[in-house]
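First comes the structure, then the notes that go with it.
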Amino acid sequence: MADDSPKERLVGVYSDDGASPWCVDCTCKMLTRRSYTAVRLTAEDILSGEWTRNLVGIVFPGGRDSPYHEKLQGAGNRLIRRFVERGGWYLGLCAGGYYGSARIKFCEGDPNMEIETSRELAFFPGSAVGPRYPGYKYVDNSGERIVSVIRPVSCRSPRDKEKRVYFNGGCYFSPVQSEELKCSTTLWEYVGPSDTAPAVVGCCVGRGRAVLSGVHPEVGYADLDSSPHSDEVMSEMELHDSDRLKVLDDVFVFLENVTVDG
């Protein structure tokens with residue numbers, strides 16, 4: 001895991017069991033474009049604790065959350081949580097967004113896929129509920145789509161418009177009690193199908209911050225070449241590719257407003 005880059009530009013990307021190799025690649029490319037150096041981490045790396053001295057942030061990408069928990073429950077999650085509390089940041093994308101919430105409700109009523117359980121990181125103290133839109137399958141991209149998100153009314157300017165971003169099985173964020181909203185901020189929310197719901201939330205955690213996202217702003221049109229996708233998704237991504245950059249800008253403005261321990 002050694003790297004000579006300045007500490008403030010080193011970001012870990014979890015790439016062990018559960019992490020989609022395609023999502024890991026998309027995440028690393030996104031970080032590089034934002035002038036970070038991505039460092040791929042295994043569960044063994046996390047458990048060693050050495051990364052906490054070298055990195056400014058850590059990303060858990062899309063994939064499957066359950067294997068994350070299987071390898072990191074207990075000691076690994078305590079290290080991640082402490083890292084953020086001391087001034088680091090955490091970015092959870094899709095599966096990483098579920099993983100960073102206190103509770104998961106996934107595919108309710110589906111006997112083959114339903115998950116309802118708690119998680120240890122609990123950066124967002126409520127529930128990650130998903131998929132927000134139907135049709136998700138672990139084995140292929142048949143549930144993928146391009147969805148609309150918009151800044152919430154509380155921080156929306158008259159010029160703000162809906163943005164179109166990639167989605168595949170992600171959640172929305174639901175507080176169980178109103179008090180749980182005090183430490184979190186909705187950065188972007190889903191538009192429709194019948195109502196709005198938080199799609200991207202920012203959470204203050206001690207001296208650090210976490211952002212959890214149900215959508216995939218790290219995925220750009222150029223990334224779709226490396227995995228099979230529908231013609232509809234390809235054409236929409238080409239048309240709206242710049243939209244995701246606005247979402248990412250808000251994500252990193254929130255994350256980078258931290259002071260990291262030396």
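- Here C26 contributes atom SG and E218 contributes atom CD; the two are 6.0 Å apart, rounded to the nearest 0.5 Å.
- Under the 4.5 Å side-chain heavy-atom criterion for Ile, Leu, Val, Met, Phe, Trp and Tyr, V147 and V191 are members of distinct hydrophobic clusters.
- Ring-centre distance between F83 and W89: not below the 6.0 Å cut-off.
- Atom CG of N168 sits about 8.0 Å away from atom OG of S142, to the nearest 0.5 Å.
- Residues that satisfy the salt bridge (Lys or Arg N to Asp or Glu O under 4.0 Å) test with E120, not counting sequence neighbours, are absent from this structure.
- Dense packing is recorded around CD of Q73, with more than 12 heavy atoms of other residues, nucleotides or ligands lying under 6.0 Å away.
- Atoms CD1 and OG1, from I80 and T52 in turn, are 11.0 Å apart once rounded to the nearest 0.5 Å.
- Remark: S66 pairs with no residue by the side-chain hydrogen bond (donor to acceptor under 3.5 Å, both in side chains) rule, at least two apart or across chains.
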*asked:* Between V205 and R81, does the side chain to side chain contact (heavy atoms under 4.5 Å, CB included) criterion hold? Intermediate values first, please.
replied: CA-CA 9 Å; V205 186; R81 175 87 191 188; 3.8 Å; yes

*Could you check Y99 against N77 for side-chain hydrogen bond (donor to acceptor under 3.5 Å, both in side chains), going step by step and ending with a plain yes or no?*
CA-CA 10 Å; Y99 194 57; N77 287 329; 2.6 Å; yes

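- We find the CG-CE distance between L239 and M234 to be 13.5 Å, quoted to the nearest 0.5 Å.
- Of the residues listed (I46, V59, V11), the one engaging L41 in a side chain to side chain contact (heavy atoms under 4.5 Å, CB included) is I46, and it is the only one.
- Residues D45 and T42 bring a donor and an acceptor atom of their side chains to less than 3.5 Å of each other.
- Residues L248 and P217 share a closest heavy-atom pair of CD1-O, 3.3 Å.
- Qualifying ring-ring contact (aromatic ring centres under 6.0 Å, His included) partners for Y133, counting only residues two or more places apart in sequence or in other chains: F167, Y190.
- Residue pairs meeting the ring pair (Phe, Tyr, Trp, His ring centres under 6.0 Å) criterion with at least one partner in residues 195-222, sequence neighbours excluded, are Y166-H216.
- The aromatic rings of Y14 and F60 sit parallel, their planes meeting at an angle under 30°, below the 60° perpendicular limit.
- I146 and V233 get closest at one heavy-atom pair: CD1-CG1, 4.0 Å.
- Taking both residues in full, the closest heavy atoms of V200 and S213 are given as CG2-OG, 3.6 Å, listed atom of the first, atom of the second, then distance.
- Rounding to the nearest 0.5 Å places CG of L245 at 10.5 Å from CE of M30.
- For A95 against G63, the heavy-atom pair with the smallest separation is CB-N, 3.5 Å.
- Remark: the backbone N or O of G87 is not paired with any side-chain donor or acceptor of R207 at under 3.5 angstrom.
- Among residue pairs with one or both ends in residues 161-171, those qualifying as salt bridge (charged side-chain N to carboxylate O under 4.0 Å, His left out) are R164-E236; sequence neighbours excluded.
- For D250, the salt bridge (Lys or Arg N to Asp or Glu O under 4.0 Å) partners at least two apart in sequence or on another chain are R151.
- Between the side chain of N54 and the main chain of W51, no donor-acceptor pair closer than 3.5 Å is present.
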*Working for side chain to side chain contact (heavy atoms under 4.5 Å, CB included), residues F106 and E114*: CA-CA 5 Å; F106 183 74; E114 183 174 9; over 6 Å; no

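- Counting only distance, with no hydrogens or angles, the side chain of S127 and the backbone of V129 share no donor-acceptor pair below 3.5 Å.
- Taking all atoms of both residues into account, the shortest heavy-atom contact from L79 to L47 is CD1-O, 3.8 Å.
- Although no hydrogens or angles enter the test, the distance criterion places no donor-acceptor pair under 3.5 Å between the side chain of T186 and the main chain of W188.
- Screening residues 130-146 for salt bridge (charged side-chain N to carboxylate O under 4.0 Å, His left out) gives R132-D195 as the qualifying pairs, with residues at least two apart or on separate chains.
- Here the NE2-CG distance, from H229 to N141, works out to 5.0 Å after rounding to the nearest 0.5 Å.
- For the ring-ring contact (aromatic ring centres under 6.0 Å, His included) test, residues two or more places apart in sequence or in another chain that qualify with F123 are Y90.
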*Verdict with reasoning, D223 to R244, per salt bridge (Lys or Arg N to Asp or Glu O under 4.0 Å)*: CA-CA 13 Å; D223 298 312; R244 67 188 182 89; 5.0 Å; no

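- Annotation: E85, atom CD; neighbour count of heavy atoms from other residues, nucleotides and ligands within 6.0 Å is above 12.
- Not a single donor-acceptor pair under 3.5 Å links the side chain of D17 to the backbone N or O of P67.
- A salt bridge is absent between D16 and R40; no separation between the charged side-chain nitrogens and carboxylate oxygens falls under 4.0 Å.
- A salt bridge does not link D243 to K246: none of the charged nitrogens lies less than 4.0 Å from a carboxylate oxygen.
- Counting only distance, with no hydrogens or angles, the side chain of N257 and the backbone of F254 share no donor-acceptor pair below 3.5 Å.
- Sorted by first and then second residue, the ring pair (Phe, Tyr, Trp, His ring centres under 6.0 Å) pairs with a member in residues 230-251 form an empty list; sequence neighbours excluded.
- Tracing side-chain contacts under 4.5 Å through hydrophobic residues (I, L, V, M, F, W, Y), one never reaches V251 starting from V253; they form parts of separate clusters.
- In this structure, Y136 and G169 approach most closely via the heavy-atom pair CD1-CA, 3.4 Å.
- When the salt bridge (Lys or Arg N to Asp or Glu O under 4.0 Å) test is applied to R156, the partners found at least two apart in sequence or on another chain are E189.
- A search for side-chain contact (heavy atoms from CB on, under 4.5 Å) contacts involving S101 returns F124, A128, F173, L212, not counting sequence neighbours.
- In this structure R119 satisfies the salt bridge (Lys or Arg N to Asp or Glu O under 4.0 Å) test together with D65, sequence neighbours excluded.
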*asked:* For a side chain to side chain contact (heavy atoms under 4.5 Å, CB included) check, start with the C-alpha distance between R209 and C203, then their side-chain angles and the critical distance, and finish with the verdict.
replied: CA-CA 6 Å; R209 294 192 168 195; C203 309; over 6 Å; no

